[in-house]
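All figures in this text were calculated on a predicted structure; none of them were measured in a lab.
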Amino acid sequence: MSSRALFFFALLAFSAVSCFAENEEDPGLVMDFYKDSCPQAEDVIREQVKLLYKRHKNTAFSWLRNIFHDCAVQSCDASLLLDSTRRSLSEKEMDRSFGMRNFRYIEEIKEALERECPGVVSCSDILVLSAREGVVRLGGPNIPLKTGRRDGRRSRAEILEQYLPDHNESMSTVLEKFADMGIDTPGLVALLGAHSVGRTHCVKLVHRLYPEVDPQLNPDHVGHMLKKCPDAIPDPKAVQYVRNDRGTPMIFDNNYYRNILDNKGLMMVDHQLATDKRTKPYVKKMAKSQDYFFKEFSKAFTILSENNPLTGTKGEIRQQCNVANKIHD
């Protein structure tokens with residue numbers, strides 16, 4: 001064999017070994033990522049969510065909202081949880097994060113995991129898995145999810161508006177932002193079904209009530225909304241809100257779709273979802289079939305949870321979820 005041929009085969013062998021080593025180092029997201037390093041990780045998260053849910057039912061809504069606000073902004077890296085520093089503003093302090101709270105409960109779960117397996121489980125995996133368990137607590141589907149995410153070191157506040165869909169944007173813009181994450185139209189419709197639970201602060205909906213009531217709102221629902229939101233300029237710090245679903249406010253179900261078809265959606269995005277020709281067929285289908293809603297929600301939730309994660313040696317495993325680790329030279 002010529003020296004040129006030997007060199008070629010040696011190069012191929014080296015490339016194969018390098019590729020194998022790289023894959024060994026970074027398997028990406030996988031099922032049961034912690035099976036060897038922290039076998040009880042998912043059980044600990046599940047039990048902590050159960051305990052916290054018993055104490056504070058509303059935590060389930062917070063966990064569900066966390067995954068959307070974190071993973072939709074470029075990456076599932078728990079950047080949402082970082083506090084502000086002298087150099088960067090926290091995503092939590094942006095206007096678009098209005099009403100988000102209960103971040104301390106993520107820290108409680110982290111502390112429980114640190115007692116079990118110090119320095120192993122990332123805050124980004126805690127954020128994603130607690131959202132999954134929150135859905136289960138509310139009666140929704142139990143979704144198998146991959147793990148192995150690592151935590152980012154910086155806030156993404158400066159690009160939040162660019163990535164995070166807003167409740168007052170056009171349906172075209174909302175569809176485009178979800179499509180950028182790989183989520184199709186039925187997936188978008190299903191994810192907005194999370195509005196089946198929780199509540200909307202009056203700040204987010206008074207523009208539909210004052211100075212004139214939006215004629216597209218169901219008149220039978222307007223009286224309740226005005227009672228809950230009596231001020232045209234509500235105090236952001238006041239506990240003034242309307243339940244997203246008056247019928248089954250604490251149950252993750254398909255009642256949301258029947259409500260918005262009946263013009264009882266609180267926000268403009270809810271109304272648009274039920275009237276836009278691209279989304280209405282899926283709204284009607286999910287209103288009729290909870291199984292279909294759960295199937296599409298599970299698919300879209302999984303895609304959202306896998307949006308551009310940090311894996312392998314990228315990022316870090318934070319010691320505390322609200323601050324990046326100190327780097328020692």
Side-chain angles (χ1 to χ4, degrees), residues 52-53 55-70 72-73 79-85 88-108 131 134 138 155-158 160-170 174 192 194-250 256 259-260 263-273 322:
L52 290 165
Y53 181 74
R55 282 163 43 194
H56 310 283
K57 292 281 193 292
N58 286 342
T59 56
F61 314 143
S62 300
W63 290 320
L64 188 50
R65 195 175 173 195
N66 284 346
I67 187 174
F68 176 66
H69 277 253
D70 186 62
V73 185
S79 61
L80 171 70
L81 304 178
L82 290 170
D83 290 342
S84 290
T85 67
S88 66
L89 181 67
S90 169
E91 293 172 38
K92 293 181 288 189
E93 295 183 28
M94 299 291 285
D95 288 343
R96 295 288 295 280
S97 299
F98 174 79
M100 296 192 73
R101 59 197 184 287
N102 295 329
F103 295 111
R104 66 188 182 278
Y105 297 131
I106 292 282
E107 206 64 58
E108 286 191 33
L138 293 164
S155 164
R156 299 178 187 274
E158 75 280 0
L160 189 147
E161 294 283 348
Q162 178 184 342
Y163 286 90
L164 194 64
D166 183 64
H167 63 94
N168 280 325
E169 288 178 324
S170 70
V174 174
L192 285 178
H195 290 174
S196 165
V197 293
R199 56 196 187 180
T200 299
H201 197 285
C202 293
V203 165
K204 298 285 188 179
L205 54 87
V206 287
H207 63 282
R208 301 195 72 193
L209 298 173
Y210 303 98
E212 301 290 336
V213 172
D214 184 343
Q216 296 170 318
L217 282 168
N218 187 319
D220 294 337
H221 202 49
V222 170
H224 174 73
M225 293 173 68
L226 288 169
K227 181 180 177 181
K228 292 291 185 178
C229 301
D231 305 311
I233 305 176
D235 179 357
K237 295 180 181 178
V239 184
Q240 292 183 318
Y241 60 83
V242 181
R243 289 283 183 188
N244 290 338
D245 176 3
R246 292 174 66 191
T248 55
M250 299 295 294
Y256 164 75
N259 284 338
I260 63 176
N263 294 317
K264 293 178 181 177
L266 299 181
M267 294 184 287
M268 280 307 301
V269 71
D270 301 320
H271 173 73
Q272 290 184 81
L273 203 68
N322 64 324

Residues passing the salt bridge (charged side-chain N to carboxylate O under 4.0 Å, His left out) test with Arg208, sequence neighbours excluded, are Asp214
Sorted by chain and number, sequence neighbours left out, salt bridge (charged side-chain N to carboxylate O under 4.0 Å, His left out) with Arg199 holds for none
message: Between Leu226 and Tyr210, is there a side-chain heavy-atom distance shorter than 4.5 Å?
response: yes
- Considering only heavy atoms from C-beta outward, does the side chain of Leu89 approach that of Met94 to under 4.5 Å? yes
The side chain to side chain contact (heavy atoms under 4.5 Å, CB included) partners of Asn259 (sequence neighbours excluded) come to Asp245, Asn255, Lys264
Of all heavy-atom pairs linking Gly134 and Ala60, the shortest is O-CB, 3.9 Å
Sequence neighbours excluded, the answer for salt bridge (charged side-chain N to carboxylate O under 4.0 Å, His left out) partners of Arg55 is Glu108
Applying side-chain hydrogen bond (donor to acceptor under 3.5 Å, both in side chains) to Glu161 and not counting sequence neighbours gives Arg96
The ring pair (Phe, Tyr, Trp, His ring centres under 6.0 Å) partners of His56 (sequence neighbours excluded) come to Tyr105
For Thr59, the side-chain hydrogen bond (donor to acceptor under 3.5 Å, both in side chains) test, sequence neighbours excluded, returns none
Do Leu138 and Tyr53 come close enough that some side-chain heavy atom pair is under 4.5 Å?
-> yes
The complete set of side-chain hydrogen bond (donor to acceptor under 3.5 Å, both in side chains) pairs with one or both residues in residues 227-236, sequence neighbours excluded, reads Asp231-Gln240
Residues at least two apart in sequence or cross-chain that pass salt bridge (charged side-chain N to carboxylate O under 4.0 Å, His left out) with Glu158, listed by chain then number, are Arg154
Residues passing the ring pair (Phe, Tyr, Trp, His ring centres under 6.0 Å) test with Phe61, sequence neighbours excluded, are none
Problem - Test item: Asn102 and Arg104 side chains (from C-beta on) under 4.5 Å apart, heavy atoms - result: yes
By ring pair (Phe, Tyr, Trp, His ring centres under 6.0 Å), His69 pairs with (sequence neighbours left out) none
Residues at least two apart in sequence or cross-chain that pass ring pair (Phe, Tyr, Trp, His ring centres under 6.0 Å) with His201, listed by chain then number, are Phe98
Exercise. Less than 4.5 Å apart, any side-chain heavy atom of Asp270 and any of Leu192?
Worked result: no
